[in-house]
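A short worksheet on the structure shown next.
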Amino acid sequence: MKTWHFEHAVVVAVLAAVWWATGHEPRELAGSLAVYLSFGHASVSERLREREAARAAPSVECYRTATWYFIGKELVWAAYFVWSGTYAALVGCGVFAVYPLWRRWWRRVHPMAEQPEGLDLSTVSLDALLREVRRREYESPAGPALLSDAVRRACRSGRSPGALDTR
């Protein structure tokens, strides 16, 4: 099971429990669905933010502001949901408040694997590619997946980099 599968399962379980506990009204079900879809968006956004932060030179300079917008919107939404009495949505604010803390803990325990920014095959020798594949295979079980299938096939077959089919 991938991490995001687990995260989504926990959110669905929490939202379903709140929906059931609050009388399983259609309004609360709609709120639960909205929270779940918003959580999916936040989950993807957080992973993109993590990748951008890990880059030597971020290509999206404003990635740092994502956290401030996130905190601001959740505070305003929480106030609105308390005022209107929509409990599933209010629980969603709690889920969103905890999620960035969970991801930071998760990244400390499970650091991201290095991922090549790009590979210009016209300037790389086949020997260098083969060495890189071997190095990644020994460093991490996920390492070979970071190189394209075309590069790995070419290294195994002994073809030159210029003959690679990178489609």
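For clarity, every value in this text was computed on a predicted model and none was experimentally measured.
The two residues P58 and R55 make their nearest non-hydrogen contact at CD-O, 4.0 Å. Residues H5 and M1 share a closest heavy-atom pair of CB-CG, 3.5 Å.
Cluster membership for V98 and V95, using ILVMFWY side-chain heavy atoms within less than 4.5 angstrom, is not shared. With hydrophobic clusters built from ILVMFWY side chains whose heavy atoms lie under 4.5 angstrom apart, F70 shares a cluster with L37. Connection of F96 to L33 is established within a shared hydrophobic cluster, with ILVMFWY side chains joined at heavy-atom distances below 4.5 Å, either directly or through further cluster members.
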For residues 10-23, tabulate all N or O donor-acceptor pairs below 3.5 Å that involve a side-chain atom, not counting sequence neighbours.
residue : atom : partner : partner atom : Å
W19     : NE1  : E25     : O            : 3.0
T22     : OG1  : V18     : O            : 2.9
T22     : OG1  : W19     : O            : 3.2

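Counting only residues at least two apart or in different chains, salt bridge (Lys or Arg N to Asp or Glu O under 4.0 Å) contacts with residues 83-102 are absent. Applying the salt bridge (Lys or Arg N to Asp or Glu O under 4.0 Å) rule to pairs touching residues 13-22 yields nothing, sequence neighbours excluded. Sorted by first and then second residue, the salt bridge (Lys or Arg N to Asp or Glu O under 4.0 Å) pairs involving residues 31-40 (not counting sequence neighbours) form an empty list. Screening residues 79-91 for salt bridge (Lys or Arg N to Asp or Glu O under 4.0 Å), with sequence neighbours left out, gives no hits. Applying the side-chain hydrogen bond (donor to acceptor under 3.5 Å, both in side chains) test to every pair with at least one member in residues 96-111, sequence neighbours left out, gives these pairs: E7-Y99, E7-W102, E7-R103, S43-Y99, R47-Y99, E50-R103, E50-R107. Applying the side-chain hydrogen bond (donor to acceptor under 3.5 Å, both in side chains) test to pairs two or more places apart or on separate chains, those with a residue in residues 28-38 are H8-Y36. The side-chain hydrogen bond (donor to acceptor under 3.5 Å, both in side chains) contacts involving residues 71-87 comprise S84-T86, where partners must be two or more places apart or lie in separate chains.
For A79, the side chain to side chain contact (heavy atoms under 4.5 Å, CB included) test picks out no residue, with sequence neighbours left out. In this structure, the side chain to side chain contact (heavy atoms under 4.5 Å, CB included) partners of H41, at least two apart in sequence or on a different chain, are S45. Every residue was checked against the side-chain hydrogen bond (donor to acceptor under 3.5 Å, both in side chains) condition with H24, not counting sequence neighbours, and none meets it. Among residues two or more places apart in sequence or in another chain, the side-chain hydrogen bond (donor to acceptor under 3.5 Å, both in side chains) test is passed with S59 by E52.
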